[in-house]
Amino acid sequence: LKRHHKQYSLAVLNMKKGNLSLSAKLLESVINDAPSWGEPYRDLGLIQYSAGNRENGLLNIEKGFILSPCTPRISDLYHLLISSNRLYERAEIIFTDALRLNKHCNKVANFLINILIKENKYQDALSEICSYFVNFGFDDNYIDNAISIRNIVGELNNTDYENSISLCM
């Protein structure tokens, strides 16, 4: 494993120096030797995406996210690219699976809720917010979001939820 880390560090150093071709080759070698490590996929994907090979770049960043969804460098970049390209339906499946396997990762839960809201899937978003409360505790921003979504869901269902006690029921 040490060899992989040294090779990865060399790839990152070359990436920072602008030697992207060598960095990409080193990252591909790391991926071949350590295919379950998410960081090299993220960095290779970033190089590819930045060079205009957006689909392969996104696929590699997505692989990195699937392998390491709780790593902020990976999840932040994946969410940014998904959001900027409006690939919410694609991401919903990936984030749902990631959250199912990593229930402790509140960042994944946050991103899934964000994606559901962007897809106008308010009922699903509200359900995920309720799960968020159970798993991670109450957050003032999420309480405000839940109330707003609850009002939208009520309007969509032509139901008056003003007198309801629970946000989640």
Side-chain angles (χ1 to χ4, degrees), residues 1 4-5 8-9 11-12 15 23-24 27-28 30-50 53-154 156 166-169:
L1 188 61
H4 305 311
H5 285 282
Y8 176 73
S9 296
V12 170
M15 192 164 60
S23 181
L27 290 167
E28 288 170 354
V30 172
I31 288 168
N32 285 331
D33 292 342
S36 62
W37 187 14
E39 291 278 348
Y41 286 99
R42 177 222 182 256
D43 292 338
L44 179 60
L46 184 57
I47 291 170
Q48 293 168 328
Y49 194 89
S50 299
N53 189 353
R54 292 183 174 220
E55 186 56 33
N56 281 341
L58 183 58
L59 281 172
N60 275 314
I61 293 165
E62 193 169 71
K63 286 178 190 174
F65 175 76
I66 289 167
L67 293 169
S68 303
C70 299
T71 303
R73 282 175 27 99
I74 298 172
S75 61
D76 291 348
L77 178 61
Y78 181 59
H79 183 261
L80 174 70
L81 293 179
I82 288 299
S83 296
S84 65
N85 290 296
R86 298 176 186 230
L87 299 171
Y88 306 122
E89 188 174 329
R90 171 183 180 164
E92 180 187 348
I93 296 164
I94 303 294
F95 276 96
T96 299
D97 286 345
L99 185 58
R100 185 176 49 82
L101 296 171
N102 301 277
K103 293 187 183 302
H104 65 281
C105 190
N106 69 341
K107 187 161 229 172
V108 173
N110 288 330
F111 285 148
L112 176 58
I113 291 165
N114 178 266
I115 287 166
L116 291 169
I117 291 169
K118 288 182 179 185
E119 288 184 294
N120 297 322
K121 293 185 174 181
Y122 299 115
Q123 191 68 48
D124 293 338
L126 186 59
S127 177
E128 288 299 328
I129 289 172
C130 293
S131 294
Y132 183 93
F133 290 155
V134 169
N135 293 321
F136 305 109
F138 289 96
D139 176 302
D140 288 341
N141 290 332
Y142 273 108
I143 291 172
D144 293 342
N145 286 341
I147 291 169
S148 296
I149 292 170
R150 187 67 163 158
N151 290 334
I152 291 169
V153 170
L156 292 175
S166 171
L167 293 172
C168 302
M169 297 175 112

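All values below come from the heavy atoms of this structure, side chains included, with hydrogens, waters and symmetry mates left out.
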query: To the nearest 0.5 Å, how far apart are CZ in R54 and CG in N56?
result: 13.0 Å

query: To the nearest 0.5 Å, how far apart are CG in L44 and CD1 in I31?
result: 4.5 Å

- prompt: Within the distance-only criterion (no hydrogens, no angle test), does the side chain of N110 pair as donor or acceptor with the backbone N or O of N106 below 3.5 angstrom?
  reply: yes

Approximate separation, where rounding is to 0.5 Å, of E92 CD and L116 CG: 5.0 Å

- prompt: side-chain contact (heavy atoms from CB on, under 4.5 Å) between L58 and Q48: does it pass, once the steps are laid out?
  reply: CA-CA 8 Å; L58 183 58; Q48 293 168 328; over 6 Å; no

message: Within the 4.5 Å heavy-atom criterion, are K118 and S83 side-chain neighbours or not?
response: yes

task: Indicate yes or no: at least one non-hydrogen side-chain atom of S23 is less than 4.5 angstrom from one of I47.
output: yes

query: So, do P40 and E28 sit near enough that their side-chain heavy atoms are less than 4.5 Å apart?
result: no

query: Hey, what do you get for CG (N114) to CD (E119), rounding to the nearest 0.5 Å?
result: 10.5 Å

field: L80 side, atom CG; F111 side, atom CZ - distance, nearest 0.5 Å
entry: 9.0 Å

field: Check: L81 main-chain N/O paired with S84 side-chain donor or acceptor under 3.5 Å
entry: yes

- request: Answer yes or no: is there a side-chain heavy-atom contact under 4.5 Å between I82 and Y78?
  value: yes

field: Close side-chain approach of I113 to I129, heavy-atom, < 4.5 Å
entry: yes

- request: List the atom of F136, the atom of K103, and the distance in Å for their closest heavy-atom pair.
  value: CZ-O, 3.2 Å

message: Check this for me, if you would: do D76 and R42 make a salt bridge, where the nitrogen-to-carboxylate-oxygen distance has to be below 4.0 angstrom?
response: no

message: Quick check for you: to the nearest 0.5 Å, what is the distance between K63 atom NZ and I74 atom CD1?
response: 13.5 Å

- prompt: Going by atom types only, do D43 and Y8 share a side-chain donor-acceptor pair under 3.5 Å?
  reply: yes

message: Tell me whether Y41 contacts the main-chain N or O of P35 through its side chain, where contact means a donor paired with an acceptor under 3.5 Å.
response: yes

Salt bridge R90-E55, side-chain N to carboxylate O under 4.0 Å: yes

- prompt: Do F65 and V108 come within less than 4.5 Å of each other through their side chains, counting heavy atoms only?
  reply: yes

query: Could you walk me through whether V30 and W37 pass the side-chain contact (heavy atoms from CB on, under 4.5 Å) check?
result: CA-CA 9 Å; V30 172; W37 187 14; 3.7 Å; yes

Intermediate values then yes/no, side-chain contact (heavy atoms from CB on, under 4.5 Å), N135 and S131: CA-CA 6 Å; N135 293 321; S131 294; 4.3 Å; yes

Atom of C70, atom of N102 and distance for their closest heavy-atom approach: SG-CB, 3.9 Å

query: Would you say S68 and E39 make side-chain contact, with heavy atoms under 4.5 Å?
result: no

